[in-house]
Enquirer: 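To start, I am sharing the structure in question, which I have written as structure tokens.
These figures come from a predicted structure and were not determined experimentally. Letters A, B, ... mirror the listed sequences (proteins, then strands); counts begin at 1.
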Amino acid sequence: MAFTKIIHRISNTEYRIPNIEYRISNTAHRIPNSQHQPTRIKMAEEKLPTRAENFAEWYNQLVLKSELADYAPVKGCMVVRPYGWALWENITAALDKRFKETGHVNAAFPMLIPMSFFEKEKEHVEGFAPELAVVTHGGGSELEEPLAVRPTSETIIGHMYSKWIKSWRDLPVLINQWGSVLRWEMRTKLFLRTAEFYWQEGHTAHADKDEALEEMYRMLDVYTDFAVNEAALPVLKGYKSETERFAGAQITTSIEGMMQDKRALQSATSHYFGTNFAKAFEIQFLNKSNALQFAETTSWGLSTRIVGAIVMTHGDDQGLVLPPRLAPIQVVIVPIFKNDDEKSKVMEVAERVFAELKAAGMRVKVDDRDNVSSGFKFNDWEMRGVPVRLEVGPKDVEKGSVALARRDKPGREGKSFVSQAGLASTVSGLLVEIQDALLKRATDFRDANIHDPKSYDELKKVLENGWAFSWWCESKECEAKVKEDTKATTRNIPLDQPEGHGTCVVCGKPAKKKVYFAKAY
RNA sequence: CGGGGUGUGGCGCAGUUGGCAGCGCACCGCGUUUGGGACGCGGGGGUCGUGGGUUCAAAUCCCUCCACCCCGACCA
């Protein structure tokens with residue numbers, strides 16, 4: 001990228017900032033006595049490639065055109081745009097509520113970590129060394145000790161916990177942090193893998209193993225509950241294999257989702273560290289018997305990657321399809337008119353409907369742009385995944401009706417005409433229906449694409465276009481062979497296993513556990 | 001780091017005997033439009049990735065460097 005081009009890009013960005021007026025109606029459709037301009041939204045142009053044509057390109061263009069995110073001038077970094085951030089805020093709100101309900105508190109730890117901290121836990125340093133970004137200079141001179149930009153915070157938090165934890169009375173410590181981390185990545189993709197990403201990382205310390213394990217499972221359940229009930233993502237929870245485990249963990253659990261291209265996406269993780277980090281950072285306390293003891297620690301995280309999961313699970317060839325519970329805008333009202341006379345009548349109804357839905361707690365927006373046609377607006381809001389579109393035209397004013405279009409069923413099938421009377425309950429009912437329909441559709445798709453191959457040859461065939469749920473002897477050799485032959489990896493081993501045992505689909509030896517194999521992001 | 005490719009207005013591109021740098025979209029203004037991606041007229045915007053060379057003359061020919069994209073080894 002030439003220097004002049006960068007300048008252009010930067011200055012263009014600056015130029016457009018005042019023009020981007022993204023607002024959700026929770027803040028109000030019109031703010032009286034404020035000097036804000038009429039709502040202006042950058043238009044989503046052109047059509048997307050279809051998912052069948054080119055899934056990767058469909059995803060890239062969709063994320064850009066729906067204005068979830070844009071590329072930053074630094075390779076591998078993304079800018080989360082207001083619409084994408086509004087979605088993320090709804091995600092964080094739903095999770096944060098659950099964290100608080102399970103007894104956690106939020107705090108903030110520094111972004112810069114002394115390099116020496118990473119060397120204290122052997123596996124941790126081996127796992128993260130290749131992805132570290134390191135600060136070597138500050139204030140114009142070279143630093144005595146280089147500082148790593150955090151790729152995750154186990155080390156710095158371990159250091160602080162050793163200062164804070166002295167007695168069994170100090171435990172448990174249940175802290176969560178919302179922030180971003182940086183991992184140097186070779187190949188990046190918006191939301192799914194960027195150098196810097198936003199996330200939440202919980203770090204807890206406990207007096208004994210059972211309590212720490214309970215915490216790990218509890219948070220995995222929190223993620224599952226969030227994914228299923230808020231994001232409508234039918235995730236599968238289980239244990240990671242030794243090779244797929246977090247660097248430094250004794251047990252790693254995850255939730256895994258199936259995208260529409262049938263690749264797996266790890267959507268959140270929850271780890272049990274035993275006393276690994278406690279020993280590395282000397283997190284010790286006096287127990288009730290006055291004996292010095294190492295604490296048991298856990299960590300668990302969910303990142304902006306979940307936005308990618310939502311896009312790739314629910315999106316269609318028209319654009320995003322957002323689950324109503326997380327959608328920044330749940331209902332968009334499109335007024336339709338030919339002249340000023342019609343406009344005033346239509347707008348009166350539109351504003352009244354807006355107020356009713358808003359009062360009923362829905363996130364609503366009136367699209368009163370007058371420089372684009374209504375047909376354009378339909379496509380535009382479909383691109384952005386708004387669950388319900390409500391059209392108000394002159395005919396509706398006469399008949400006391402509105403047109404309702406549900407995003408999960410494009411075209412005529414999803415469109416109906418309903419009375420203005422009782423509209424708030426009609427629409428809120430429809431939002432619930434859409435939420436349920438998205439979960440059901442994704443669950444059916446997932447179940448239809450998980451297979452149970454009877455032989456290794458069949459396994460290889462199945463993994464070309466789906467997942468396998470197979471008996472596995474848990475050896476690294478068999479896992480590596482599958483990866484070598486098919487590029488698929490073990491995703492996780494379900495917590496709840498079927499009865500009995502079988503034979504490993506790879507080597508034929510006795511196997512106690514069934515595992516999901518899939519190609520993963 | 002290996003293999004392949006591309007650099008020309010914001011985006012996508014055209015530009016061969018070397019001779020005034022163009023088109024579509026987007027953007028700005030005015031008017032007509034608006035129930036599934038409207039149209040007309042008028043505008044603004046580019047040291048052709050960088051540095052050098054050849055030439056009366058370079059986006060175009062030669063060399064240097066740089067950046068980005070795609071494919072392989074690491075990863076929430």
Enquirer: How is A:Arg389 classified with respect to the nucleic acid when contacts are heavy atoms under 4.0 Å: base, sugar-phosphate, or nothing?
Expert: base

Enquirer: Hey, is A:Trp199 stacking on B:rA76? Ring centres under 5.5 Å, planes under 30°.
Expert: no

Enquirer: Can you list, by residue number, the residues of residues 301-309 of chain A that have a non-hydrogen atom closer than 4.0 angstrom to RNA chain B?
Expert: A:Ser303, A:Arg305

Enquirer: Nearest of B:rA76, B:rA38, B:rG35 to any side-chain atom of A:Phe376?
Expert: B:rA38

Enquirer: When all nucleic acid strands are considered with a 4.0 Å heavy-atom cut-off, which category describes A:Leu265: base, sugar-phosphate, or nothing?
Expert: nothing

Enquirer: What nucleic acid atoms does A:Ala268 come within less than 4.0 Å of, heavy atoms only: base, sugar-phosphate, or nothing?
Expert: nothing

Enquirer: Under 4.0 Å, counting only non-hydrogen atoms across every strand here, what does A:Lys415 touch: a base, just sugar-phosphate, or nothing?
Expert: base

Enquirer: Salt-bridged, A:Asp225 to A:Arg98, with N to O below 4.0 Å?
Expert: yes

Enquirer: Quote, to the nearest angstrom, the C1' distance that separates B:rU33 from B:rG44.
Expert: 25 Å

Enquirer: Main chain of A:Arg305, side chain of A:Ser303: is a donor-acceptor contact present, judged purely on distance under 3.5 Å?
Expert: yes

Enquirer: Heavy-atom distance under 4.5 Å between the side chains of A:Asp96 and A:Asn106, does that happen here?
Expert: yes

Enquirer: Looking for any heavy atom pair under 4.0 Å, which part of the strands does A:Thr188 touch: base, sugar-phosphate only, or nothing?
Expert: nothing

Enquirer: Quick check for you: among B:rA38, B:rG35, B:rC74, whose closest atom lies nearest to any side-chain atom of A:Asp396?
Expert: B:rG35

